[in-house]
Protein chains: 2
Amino acid sequence: MTGQVRTVDGRVAGRRGQATRQKLLDCLSEMLSSSPYRDVKVIDVARRAGTSPATFYQYFPDVEGAVLELAEEMAKEGASLTEFVAGRSWVGRSGWQAAEELVDGFLAFWRKHDAILRVVDLGAAEGDKRFYKIRMKILNAVTNSLTDSVKELQAKNKVDKDVNPAAVAGALVAMLAAVASHQKGFQSWGVKQAELKPNLALLVHLGITGKKPTK
Amino acid sequence: MTGQVRTVDGRVAGRRGQATRQKLLDCLSEMLSSSPYRDVKVIDVARRAGTSPATFYQYFPDVEGAVLELAEEMAKEGASLTEFVAGRSWVGRSGWQAAEELVDGFLAFWRKHDAILRVVDLGAAEGDKRFYKIRMKILNAVTNSLTDSVKELQAKNKVDKDVNPAAVAGALVAMLAAVASHQKGFQSWGVKQAELKPNLALLVHLGITGKKPTK
DNA sequence: TACTTGTCCTGTCATGCCGTCAGCTTACCG
DNA sequence: CGGTAAGCTGACGGCATGACAGGACAAGTA
């Protein structure tokens with residue numbers, strides 16, 4: 001599709017160029033993890049990458065542009081979240097297992113990419129369509145899959161008709177995302193990591209099936 | 001307690017000073033609603049308030065400092081969220097009503113303060129203890145109240161013993177907060193405002209009581 | 001080896017925001 | 001009316017931004 005990586009002024013980036021570009025992205029990612037988004041400056045990223053601000057501007061229009069690039073990378077990896085939902089059974093013992101694995105996978109993914117996800121979340125909440133789309137891309141796979149699960153259960157009369165599958169699925173996914181980005185916050189309520197997971201799985205199971213899980 | 005409002009250099013602010021200070025806060029609030037947090041500059045806020053940057057720095061150490069002030073204001077108002085939970089019964093028909101009203105109140109509060117809440121969320125997620133505390137202050141009231149409700153139901157053997165009340169309450173509150181800040185996002189999944197609320201209430205009810213509501 | 005070509009990087013510069021200070025104006029009080 | 005403290009701003013050094021032209025470098029060619 002897009003194929004070649006291009007600089008801001010239109011040239012195609014070669015081997016060396018792509019390396020510097022990637023190094024800048026890596027350094028930006030580190031900076032995002034260690035300092036507030038608002039304080040991440042082009043000059044700092046460039047310095048850390050052992051290059052100059054001018055070089056940065058050759059590959060990205062601004063900090064936000066580079067962040068979008070990072071986010072796209074992550075979104076690709078996020079496709080793997082689907083495997084925790086697609087084609088799973090939500091009845092009986094396997095339903096509980098599905099819930100547990102979904103929670104596990106979600107929290108792990110979020111923890112791994114927390115810095116960039118914070119920024120994506122902010123951008124999306126501020127109404128920036130580019131960030132919004134990326135957030136969708138990550139969450140859609142899971143949400144749609146869960147939506148289908150609920151619809152199926154509805155068809156079998158195992159879930160009430162007045163439940164809106166998309167609303168429930170979306171809310172559960174939002175819950176997982178929110179809990180994941182504030183994982184530390186739960187410790188101050190006296191909730192430990194290990195305790196959090198089964199309780200989240202319980203909520204997911206309850207939400208999808210309307211019933212308590214059989215463990 | 002604190003009593004007087006003070007300038008950065010230690011003087012007490014009088015009538016006129018407080019007015020300017022408040023005007024700066026108001027303008028900052030507007031700016032936060034209309035442009036990305038990263039792009040909110042002191043000079044813009046000052047200009048909008050019809051004053052100079054130097055004046056801004058007389059009352060606030062920086063943009064973040066002023067935002068904290070706004071957040072504190074909001075947190076005070078957030079205390080009113082308690083009324084949607086404290087002393088409510090979660091059994092039978094009134095349980096459903098409690099869930100519905102909690103969801104309603106929460107969404108309304110979030111929609112009203114979305115701009116500042118975005119920033120507080122970001123700050124908290126980035127590990128800034130000041131923002132973190134404010135977020136706590138708002139959510140704690142609701143979370144603790146819900147936690148108590150679950151504990152009560154557990155004491156009456158209406159909820160399983162292996163449920164961690166704090167974890168469930170925290171997760172539900174996080175869900176409400178997350179859904180509230182991405183309300184627009186749900187529309188692209190084909191979920192309308194009006195449909196969202198009852199489904200959220202359902203999830204809350206399921207989470208607290210473990211049972212489907214009787215409407 | 002010398003020359004050419006296109007990629008890659010940086011020095012430099014105009015612009016604009018940051019954050020501080022000295023100093024001016026305004027309000028209040030005896 | 002003079003003193004005092006509050007209130008505001010112009011001005012300034014410092015730093016980030018973003019654009020450009022030109023130098024460094026690698027690879028291919030003769």
Side-chain angles (χ1 to χ4, degrees), chain A residues 2-32 34-70 119 123 128, chain B residues 2-28 30-32 34-69 119 123 128:
Chain A
T2 92
Q4 291 158 326
V5 179
R6 290 190 169 272
T7 59
V8 168
D9 55 335
R11 281 175 311 181
V12 293
R15 194 178 304 277
R16 190 154 66 114
Q18 294 203 24
T20 0
R21 196 185 125 101
Q22 191 56 49
K23 180 154 203 177
L24 284 168
L25 283 177
D26 292 343
C27 293
L28 170 59
S29 179
E30 290 170 29
M31 302 262 0
L32 284 176
S34 61
S35 51
Y37 180 46
R38 202 168 194 284
D39 299 341
V40 171
K41 307 288 177 195
V42 169
I43 199 169
D44 296 322
V45 178
R47 261 203 282 265
R48 182 183 276 246
T51 178
S52 80
T55 303
F56 181 97
Y57 286 107
Q58 199 151 48
Y59 294 105
F60 310 104
D62 50 22
V63 171
E64 220 185 44
V67 167
L68 274 167
E69 202 72 15
L70 277 177
V119 181
D128 186 312
Chain B
T2 92
Q4 291 158 324
V5 179
R6 290 188 169 273
T7 59
V8 168
D9 55 335
R11 282 175 308 183
V12 293
R15 193 179 306 276
R16 189 154 67 115
Q18 294 202 24
T20 325
R21 197 184 124 99
Q22 192 56 49
K23 180 151 203 179
L24 284 167
L25 283 177
D26 293 343
C27 293
L28 171 59
E30 290 170 27
M31 301 261 2
L32 284 175
S34 62
S35 52
Y37 180 44
R38 201 168 194 286
D39 299 341
V40 172
K41 308 287 179 195
V42 168
I43 199 170
D44 297 321
V45 178
R47 260 202 282 264
R48 182 182 277 246
T51 178
S52 80
T55 302
F56 182 96
Y57 286 107
Q58 200 152 48
Y59 295 105
F60 310 103
D62 49 23
V63 171
E64 218 186 44
V67 167
L68 274 167
E69 202 73 14
V119 181
D128 187 310

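None of the values given here were measured: they were computed from a predicted structure. The chains referred to below are lettered A, B, ... by the order of the sequence lines, with proteins before strands, and numbering in each begins at 1.
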Go through C:dC9, C:dC21, D:dG7 for me and flag the one nearest to the B:Thr20 side chain. D:dG7
On DNA chain C, compare the nucleotides closest to B:Ala54 and B:Val63; which residue's is nearer the 5' end? B:Val63
Using atom CD of B:Gln58 as one end and atom C1' of C:dC21 as the other, report the distance to the nearest whole Å. 11 Å
Euclidean distance, atom CD of residue B:Gln22 to atom C1' of D:dG7 [Å, nearest integer]: 17 Å
B:Thr55 vs D:dT9: side-chain N/O to OP1/OP2 distance below 4.0 Å: yes
How is A:Phe60 classified with respect to the nucleic acid when contacts are heavy atoms under 4.0 Å: base, sugar-phosphate, or nothing? nothing
Of the candidates C:dC18, D:dG10, C:dT10, the side chain of B:Val42 sits closest to C:dC18
Rounded to whole Å, CG of A:Asp62 lies from P of D:dG18 at a distance of 6 Å
Mapping B:Arg15 and A:Ser52 to their closest nucleotides on DNA chain C, which lands nearer the 5' end? A:Ser52
Base, sugar-phosphate alone, or nothing: which one does A:Phe56 contact when heavy atoms must sit under 4.0 Å apart? nothing
Contact class for B:Arg16 vs. all strands (heavy atom < 4.0 Å): base, sugar-phosphate, or nothing? sugar-phosphate
Does this structure show an ion pair linking B:Arg38 with A:Glu64, if we count only N-O contacts that are shorter than 4.0 Å? no
Does the pair A:Asp26/A:Lys23 count as a salt bridge with the N-to-O cut at 4.0 Å? no
Please report the distance, rounded to the nearest Å, between CZ in B:Arg11 and P in D:dT4. 16 Å
If I take atom NZ in residue B:Lys23 and atom P in nucleotide D:dC8, what distance separates them, rounded to the nearest angstrom? 11 Å
In whole angstroms, how far is the P atom of D:dA19 from the OH atom of A:Tyr59? 16 Å
When you measure from the side chain of A:Arg47, which nucleotide among D:dC8, C:dC9, D:dA16 comes out closest? D:dA16
Among C:dT10, C:dT20, D:dT17, which is the nearest nucleotide to the side chain of A:Lys41? D:dT17
Any ion pair linking B:Arg11 and B:Asp9 (charged N to carboxylate O, less than 4.0 Å)? yes
Could you tell me whether the side chain of A:Leu24 reaches within less than 4.5 Å of the side chain of A:Arg21, counting heavy atoms only? no
Interatomic distance where CG belongs to A:Asp39 and P belongs to D:dA16 [whole Å]: 12 Å
If you look at every strand shown and take non-hydrogen atoms under 4.0 Å, does B:Thr7 touch a base, only sugar-phosphate, or nothing? nothing
Hey, are the side chains of A:Leu70 and A:Leu32 touching, using non-hydrogen atoms and a 4.5 Å cut-off? yes
Output the rounded distance in Å from CZ (A:Arg6) to P (C:dC8). 12 Å
Please report the interatomic distance CZ(A:Phe56) to CZ(A:Arg47), rounded to the nearest 0.5 Å. 14.0 Å
Starting from the 5' end of DNA chain D, give me the residue, B:Arg38 or B:Val12, whose nearest nucleotide shows up first. B:Val12
In terms of side-chain heavy atoms of A:Tyr57, which of D:dG7, C:dT10, D:dG18 is nearest? D:dG18
